[in-house]
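This report refers to the structure that appears directly beneath it.
Worth saying up front: this structure is predicted, and the values here are computed from it rather than measured.
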Amino acid sequence: MKKIVLLLVLCISFGSCNSSKGIKTKKSKTTKVNTRKNNTASPKPSKTIESIIDYAQTFEGTRYKYGGTTKRGMDCSGLVVVAFQKENINLPRTTADLKKTGEWIDVKNVKEGDLLFFATKKNSRKVNHVGIVTKSRPGYVEFIHSTSSKGVITSNLSERYWYSAYVQARRMM
């Protein structure tokens with residue numbers, strides 16, 4: 001019996017039980033083990049991440065200005081750098097340098113505070129745009145960014161334009 005309990009614990013801990021038949025006990029009863037991962041929303045973001053997002057959102061409506069980092073005008077990487085700087089986290093100033101910083105993550109695993117990178121030029125996969133994830137749950141990713149046409153706005157990754165322009169996600173902390 002101890003072996004069966006240990007096997008169940010190992011299966012649940014490491015997700016290595018892929019059999020749908022289950023595990024037979026001495027009494028020939030079948031015990032099914034659920035190895036499916038829970039697809040609930042990610043845990044609540046840290047106070048630091050909340051502060052970064054809250055500060056970035058104070059710039060909503062700010063017009064676009066290449067190289068800008070103030071309420072008078074802001075570009076996409078400027079928004080990211082200024083928001084993280086509020087929490088004394090210094091990041092590279094350009095999108096090209098930001099895309100090499102932090103840890104690459106799969107889009108399915110993004111959390112609030114992660115950065116999304118895009119290639120918005122026609123027929124190009126060269127990254128030239130960045131945004132900060134503000135909300136995330138399975139199948140839903142919202143991000144704040146500064147666009148040349150509308151300034152600082154919040155968008156959804158499922159929007160056709162952003163979905164097709166998406167290149168990668170990175171975690172800075």
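- With hydrogens and angles disregarded, no donor-acceptor distance shorter than 3.5 Å links the side chain of D114 to the backbone of R171.
- Side-chain N or O atoms of R170 include one that pairs as donor or acceptor with a backbone N or O of K99 at under 3.5 Å.
- The two atoms that bring Q57 and I144 nearest to each other are CA-CD1, 3.6 Å, heavy atoms only.
- Under the side-chain hydrogen bond (donor to acceptor under 3.5 Å, both in side chains) test applied with T154, the options E60, H145, E142 reduce to a single match, E60.
- Partners of Q85 under the side chain to side chain contact (heavy atoms under 4.5 Å, CB included) rule, at least two apart in sequence or in another chain, are V81, N90.
- Think of W104 as one node in a network of Ile, Leu, Val, Met, Phe, Trp and Tyr side chains linked at under 4.5 Å; it has no links at all.
- Annotation: F143 is in aromatic contact with F118 [ring centroid separation under 6.0 Å].
- Closest approach of V130 and F117 over heavy atoms only: CG2-CE2, 3.5 Å.
- Listed here is the closest heavy atom pair of S136 and V110: OG-O, 2.8 Å.
- Residues S77 and R93 come closest through the heavy atom pair OG-NH1, 2.6 Å.
- Under the ring pair (Phe, Tyr, Trp, His ring centres under 6.0 Å) criterion, the residue pairs touching residues 44-93 are Y55-F59, with sequence neighbours excluded.
- Around atom CZ of R160, no more than 12 heavy atoms belonging to other residues, nucleotides or ligands sit under 6.0 Å away.
- Scanning all heavy atoms of the two residues, the minimum distance from A119 to S124 falls at CB-O, 3.4 Å.
- Using a 4.5 Å cut-off between side-chain heavy atoms of Ile, Leu, Val, Met, Phe, Trp and Tyr, with links allowed through other members, Y163 and I132 fall into different hydrophobic clusters.
- Linking ILVMFWY side-chain heavy atoms closer than 4.5 Å, directly or via other members, places L116 and I153 in two distinct hydrophobic clusters.
- K111 contributes atom NZ, which lies 14.5 Å from atom NZ of K44 (distance to the nearest 0.5 angstrom).
- No side-chain donor-acceptor contact under 3.5 Å links T95 to the backbone of H129.
- Looking only at distances, a side-chain donor or acceptor of N128 sits under 3.5 Å from a matching main-chain atom of T120.
- Note on V82: it clusters hydrophobically with I49, by side-chain heavy-atom contacts below 4.5 Å among ILVMFWY residues.
- In this structure the side chain of E112 reaches within 4.5 angstrom of the side chain of I53, judged on heavy atoms.
- For the pair D54 and K47, the salt-bridge criterion is not met [side-chain N within less than 4.0 Å of a carboxylate O].
- V80 and V152 fall within a single hydrophobic cluster, where Ile, Leu, Val, Met, Phe, Trp and Tyr side chains are chained together by heavy-atom contacts under 4.5 Å.
- The line from CD of E103 to CE of M172 is 9.5 Å long, rounded to the nearest 0.5 Å.
- In this structure, K71 places its NZ atom where more than 12 heavy-atom neighbours from other residues, nucleotides or ligands lie under 6.0 Å away.
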Open item on the list: Using the rule given for side-chain contact (heavy atoms from CB on, under 4.5 Å), can you reason through L115 versus T101, listing the C-alpha separation, both sets of side-chain angles and the distance that settles it, and then say yes or no?
Closed with: CA-CA 10 Å; L115 302 185; T101 307; over 6 Å; no
- [ ] Evaluate side-chain contact (heavy atoms from CB on, under 4.5 Å) for T62 paired with L79, printing each intermediate quantity in order.
- [x] CA-CA 10 Å; T62 299; L79 176 65; over 6 Å; no
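- A distance of 11.0 Å separates CD in E159 from OG in S164, rounded to the nearest 0.5 Å.
- Taking a 6.0 Å sphere around OH of Y140, one finds it holds more than 12 heavy atoms contributed by other residues, nucleotides or ligands.
- Hydrophobic clustering, with ILVMFWY side chains joined whenever heavy atoms are under 4.5 angstrom apart, groups V107 together with V133.
- Nearest heavy-atom pair, P92 versus D97, reported as atom, atom and distance to 0.1 Å: CB-CB, 3.4 Å.
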